[in-house]
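Not measured: the values here are computed from a predicted model. Just so you know, residue 1 is the first one in the sequence shown, and it goes up from there.
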Amino acid sequence: MGVDNSHVRVFTPRVFAMGMIVSIGGLIFGYDTGQISGFLEMDDFLQRFGNTTGANGGPAFTNVRSGTIVGLLSIGTLLGALIAAPVADAFGRKVAILVGNFIFCVGVIVQITTDTTWYQIALGRWVAGLGVGILSVLTPMYQSETAPRQVRGALVSAYQLFITFGIFLAYCINYGTETDNGKSQWMVPMGVGFIFPVIMAIGILFLRESPRWDYRRGRIEEARKTMAKSYSVPENHWEVNREMREIKEKLDAENAGGGKHPFYEVFTGPRMAYRISLGVTLQALQQLTGANFFFYYGTTIFQATGLNNSFVTSMILGGVNFGMTFPGLWVVEHFGRRRALITGGLWQFCCFMVFASVGHFALDQTTPQNTPGAGTAMIVFACLFIAGYAQTWGPIVWAVTGEMYPSRYRAKAMAMSTASNWIWNFLISFFTPFITGAIDYRYGYVFAGCNFAGAFVVYFFLCEHQGRSLEEIDTMYIMHVSPLKSSKWVAPEGEDLVTADKLFLEPGAGGIRKQEASGMEGEQRLEDVPAATDEHGITDVSGIGYEAEASGVRGGSVG
């Protein structure tokens, strides 16, 4: 059987459709996030569910109630993210995505069937959050495992693009209904939320299962077909052979110890404690950039600056967020993950320093109309912050956490890192009213410091993933490649990807013995691959029986 060496077209209608359908998971989350900030300022919503009197004599929410209504979504997403891992590993990525959409719809039903009980709204948001949490893990995971490596970062980042679109769409619909009379003011935007999970659930039925999940279940030919369709090439194409070969090498290495593997191995596996810690930290820092400070409480924040209609300001912020995510898809593939995140962190640090300083020292917080210049400056720097966030920390963190982990641990590791995102999401959404009430806009200094810390963490701890297959990225971390040198690292020629200097796993995921591995200066030796069994080690159908003729493909053979 010959090898097809034709040119690869990575942006095809199939790839585009896959990206759009799966990324609706982000739109679902973004829409739910955007609509709640508007509800908190709608007259009918306040009259039905408010529990105190505001400064203007009208109904209002206490900090506890508003924080509970906003924050319970994040508690649900935290649990949903943890549920996603065992469901996705046991039943597949597609089934888990369908489950997430169904649960979200149940949550919306719980909310929309009450017009007097505030805790039913909060409980419904918690249920909807379970679905959002599942989708927040499965959307970047499915994209990472299925997308062509040349555009993987852009497709995974499309999840964030759809989050921003969902937020912007919610702001627009809230603006269109906020002058209505009665409960349609907030029930119409809430009901629109049904549309997106239905579209996603129908669309996912027409997509194929993740090729890496299929391969690990012994469905080798199914995995090959999916890979070929993703690249829009024949099944004997060199790019398909290359990825199938690397998937097999990794799986053989992982299965070398034999038997079932305990849960704690996700921490004791090769360099997994490092990667889990890094993923958890990056996801936490994405929340601590302060973006959701604007998205959850945007209407409230800018009402305090004296604007007549804070819904308009929220639409402006949402529009900037959505519009600037488009160049972010280009940035992630042309500037690399590290450079973009470092630059974005420093930019966001500067914006929050100005925002916080103007808000605390220049804005008349008693009568904001007396300082219109300060209010305008705060809005400008909020837009500049969001422009930077939308191109860097918003989409790229999802991309790197989707790429960082090997297939064996990906579902569990992504669940834990995503859970970190939702924990901090909840903390920010619940405690922001209390903190701003105590220290006003100086809260921005906290976010400024976190943005600076984010640039520091990326510079010293994150490897460059741009243009590499998932198996190459895994090997970089195993081999302790220095993050500062990772953009120029090249896999050793003439040596199998995972057999360099004993990368095969022993029982318990131990047995890694690297000697100056990042530079490959230590003694190198090849380990024999264990004989194939009924459970693993399939050799002849994975496409590695012949060389893949393409630049960058390593020499040698396995099997």
Side-chain angles (χ1 to χ4, degrees), residues 32-75 110-126 170-171 173-190 292-315 317 359-360 363-372 374-375 378-379 426-443:
D32 210 57
T33 297
Q35 68 177 4
I36 193 62
S37 66
F39 292 172
L40 296 179
E41 298 299 324
M42 289 182 176
D43 293 337
D44 187 79
F45 197 80
L46 287 167
Q47 290 172 5
R48 292 175 185 274
F49 306 114
N51 62 331
T52 188
T53 302
N56 60 357
F61 288 108
T62 61
N63 289 338
V64 172
R65 181 166 293 189
S66 65
T68 301
I69 291 174
V70 174
L72 271 184
L73 176 79
S74 300
I75 294 297
V110 172
Q111 294 176 72
I112 210 167
T113 52
T114 185
D115 53 13
T116 57
T117 310
W118 77 271
Y119 54 81
Q120 188 170 330
I121 296 289
L123 181 62
R125 283 179 58 78
W126 177 79
Y171 287 163
I173 294 177
N174 281 348
Y175 176 71
T177 63
E178 59 116 356
T179 56
D180 292 353
N181 295 320
K183 59 185 179 182
S184 64
Q185 200 177 53
W186 52 277
M187 275 196 172
V188 169
M190 190 179 289
N292 278 345
F293 173 64
F294 296 114
F295 299 143
Y296 280 130
Y297 296 99
T299 53
T300 304
I301 293 169
F302 291 107
Q303 207 171 52
T305 63
L307 289 173
N308 292 328
N309 192 331
S310 55
F311 284 88
V312 174
T313 307
S314 292
M315 287 175 60
L317 293 178
H360 179 67
L363 182 72
D364 185 338
Q365 296 181 32
T366 303
T367 312
Q369 293 85 346
N370 294 339
T371 51
M378 292 176 70
I379 295 172
F426 167 74
L427 293 174
I428 291 171
S429 62
F430 185 84
F431 288 106
T432 285
F434 299 97
I435 297 173
T436 54
I439 61 174
D440 61 72
Y441 291 102
R442 285 174 292 181
Y443 191 23

Say you draw a straight line from [atom1] of [X] to [atom2] of [Y]; how long is it, rounded to the nearest 0.5 Å?
X: Phe431; Y: Phe426; atom1: CZ; atom2: CZ; result: 6.5 Å
X: Met42; Y: Glu178; atom1: CE; atom2: CD; result: 6.5 Å
X: Ile36; Y: Leu72; atom1: CD1; atom2: CG; result: 10.5 Å
X: Asp32; Y: Met190; atom1: CG; atom2: CE; result: 8.0 Å
X: Leu40; Y: Ile69; atom1: CG; atom2: CD1; result: 6.5 Å
X: Ile173; Y: Met315; atom1: CD1; atom2: CE; result: 10.5 Å

Restricting to side-chain hydrogen bond (donor to acceptor under 3.5 Å, both in side chains), what partner residues turn up for Gln185, sequence neighbours left out?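 Per chain and number, Gln185 pairs via side-chain hydrogen bond (donor to acceptor under 3.5 Å, both in side chains) with no residue.
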
What are the two closest heavy atoms between [X] and [Y], and how far apart are they?
X: Ser66; Y: Phe61; result: CB-CB, 3.9 Å
X: Gly34; Y: Ala170; result: C-CB, 3.6 Å
X: Ser184; Y: Pro189; result: O-CD, 3.9 Å

Excluding sequence neighbours, so at least two apart, what forms ring-ring contact (aromatic ring centres under 6.0 Å, His included) with Phe49?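 Result, ring-ring contact (aromatic ring centres under 6.0 Å, His included) vs Phe49: Phe45, Trp186.
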
With heavy-atom distances below 4.5 Å as the criterion, would you say the side chains of Leu73 and Trp126 are in contact?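 SC-SC contact between Leu73 and Trp126 ruled out.
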
Is there side-chain contact between Thr114 and Ile121, with at least one heavy-atom pair below 4.5 Å?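 Side chain of Thr114 against side chain of Ile121, heavy atoms only: contact under 4.5 Å found.
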
Could you go step by step and tell me if Leu46 and Phe39 meet the side-chain contact (heavy atoms from CB on, under 4.5 Å) rule? CA-CA 8 Å; Leu46 287 167; Phe39 292 172; over 6 Å; no

With a 3.5 Å distance limit and no angle check, can you tell me whether Arg125 reaches the backbone of Val70 through a side-chain donor-acceptor pair?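 Pair found, side chain donor or acceptor close to backbone of Val70.
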
Does [X] have any side-chain contact (heavy atoms from CB on, under 4.5 Å) partners at least two apart in sequence or in another chain, and if so, which?
X: Met187; result: Ile112, Asp115, Lys183
X: Thr62; result: Asn51, Thr52, Val64, Arg65
X: Thr113; result: Ile109, Gln120
X: Tyr119; result: Thr117

Walk me through it: do Gln35 and Asn174 pass the test side-chain contact (heavy atoms from CB on, under 4.5 Å)? CA-CA 7 Å; Gln35 68 177 4; Asn174 281 348; 4.1 Å; yes

